[in-house]
Amino acid sequence: MLIEPFRIDFLLIPKFSMMALVSAIEPLRVANRVLAWDCYSWRFISQNGEPVSASNGMVQICHKISEITDKPNAIFVNASYDP
């Protein structure tokens with residue numbers, strides 16, 4: 001029996017907190033490693049599909065939200081300090 005990973009999309013808002021994003025992803029990555037299979041998968045999305053800059057200036061490549069065809073199990077919105 002094939003078990004699909006729990007899929008999470010992270011909607012990134014310009015000037016999002018990189019610390020918040022990494023704090024959410026790192027436990028998922030570690031869980032995948034400890035369990036020895038990819039039980040979690042994630043991707044980054046933005047409204048227009050363009051890369052998004054974090055508050056620290058780092059840039060994250062994203063998928064365009066309107067082009068996502070497969071439904072994730074969860075979506076997290078990573079907002080900025082200046083919503």
Side-chain angles (χ1 to χ4, degrees):
M1 178 166 111
L2 179 64
I3 300 173
E4 292 290 322
F6 189 87
R7 293 191 318 254
I8 302 169
D9 284 355
F10 290 91
L11 175 59
L12 304 182
I13 306 301
K15 297 187 179 178
F16 69 94
S17 168
M18 183 62 76
M19 181 176 277
L21 180 63
V22 173
S23 295
I25 293 171
E26 198 59 13
L28 304 174
R29 186 193 66 79
V30 171
N32 286 348
R33 183 175 175 147
V34 169
L35 296 172
W37 71 283
D38 290 341
C39 57
Y40 297 102
S41 67
W42 55 88
R43 66 185 159 201
F44 308 113
I45 58 177
S46 67
Q47 185 175 2
N48 59 10
E50 295 295 316
V52 179
S53 294
S55 60
N56 65 1
M58 295 179 71
V59 177
Q60 180 59 56
I61 296 171
C62 297
H63 297 275
K64 188 174 182 177
I65 194 168
S66 63
E67 294 176 354
I68 301 298
T69 58
D70 56 331
K71 184 178 174 183
N73 297 103
I75 298 175
F76 292 100
V77 178
N78 292 69
S80 72
Y81 292 111
D82 186 22

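Throughout, residue positions are numbered sequentially from 1 according to the sequence presented.
Residue-environment remark: CD1 (Ile68) exceeds the threshold of 12 foreign heavy atoms within 6.0 Å.
Heavy atoms only, all atoms of each residue included: Asn78 and Ala20 are closest at ND2-C, 4.2 Å. Glu50 approaches Cys62 most closely through the heavy-atom pair O-CB, 3.9 Å. When all heavy atoms of Val52 and Ser46 are compared, the pair lying nearest together is CG2-CB, 3.5 Å. When all heavy atoms of Gln60 and Leu12 are compared, the closest pair comes out as CG-CD1, 3.6 Å. Closest approach of Pro14 and Ser80 over heavy atoms only: O-CB, 3.2 Å.
Clustering ILVMFWY residues whenever any of their side-chain heavy atoms sit less than 4.5 angstrom apart, transitively, puts Val77 in the very cluster that holds Ile65. Grouping the Ile, Leu, Val, Met, Phe, Trp and Tyr side chains by contacts below 4.5 angstrom, directly or via other members, places Val22 with Trp42. Following chains of ILVMFWY side-chain contacts shorter than 4.5 Å, one can reach Ile3 starting from Leu35, so the two form part of one hydrophobic cluster.
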Counting only pairs under 3.5 Å, give me each side-chain donor-acceptor contact of residues 24-31, with atom names and distances, residues two or more places apart or in other chains.
| unit_1 | atom_1 | unit_2 | atom_2 | d |
| --- | --- | --- | --- | --- |
| Glu26 | OE1 | Arg29 | NE | 3.3 |
| Glu26 | OE2 | Arg29 | NE | 3.0 |
| Glu26 | OE2 | Arg29 | NH2 | 2.5 |

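Note that CD of Gln47 is 7.5 Å distant from CD1 of Ile13, once rounded to the nearest 0.5 Å. Put simply, CG on Asn32 and CZ on Phe6 are 12.5 Å apart, with the number rounded to the nearest 0.5 Å. Rounded to the nearest 0.5 Å, atoms CG (Asp9) and CD1 (Ile75) are 5.5 Å apart.
Side-chain contact between Ser41 and Asp38 is absent, with no heavy-atom pair separated by less than 4.5 Å.
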Quick one: do Phe44 and Leu21 satisfy side-chain contact (heavy atoms from CB on, under 4.5 Å)? Show the steps, please. CA-CA 10 Å; Phe44 308 113; Leu21 180 63; 3.7 Å; yes

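Applying the salt bridge (charged side-chain N to carboxylate O under 4.0 Å, His left out) definition to pairs two or more places apart or across chains, those involving residues 69-81 are Arg7-Asp70, Arg43-Asp70.
Note on ring orientation: taking the six-membered ring where Trp is involved, the planes of Phe76 and Phe10 are parallel (angle under 30°, cut-offs 30° and 60°).
The side chain to side chain contact (heavy atoms under 4.5 Å, CB included) test applied to Glu67 returns Lys64, not counting sequence neighbours.
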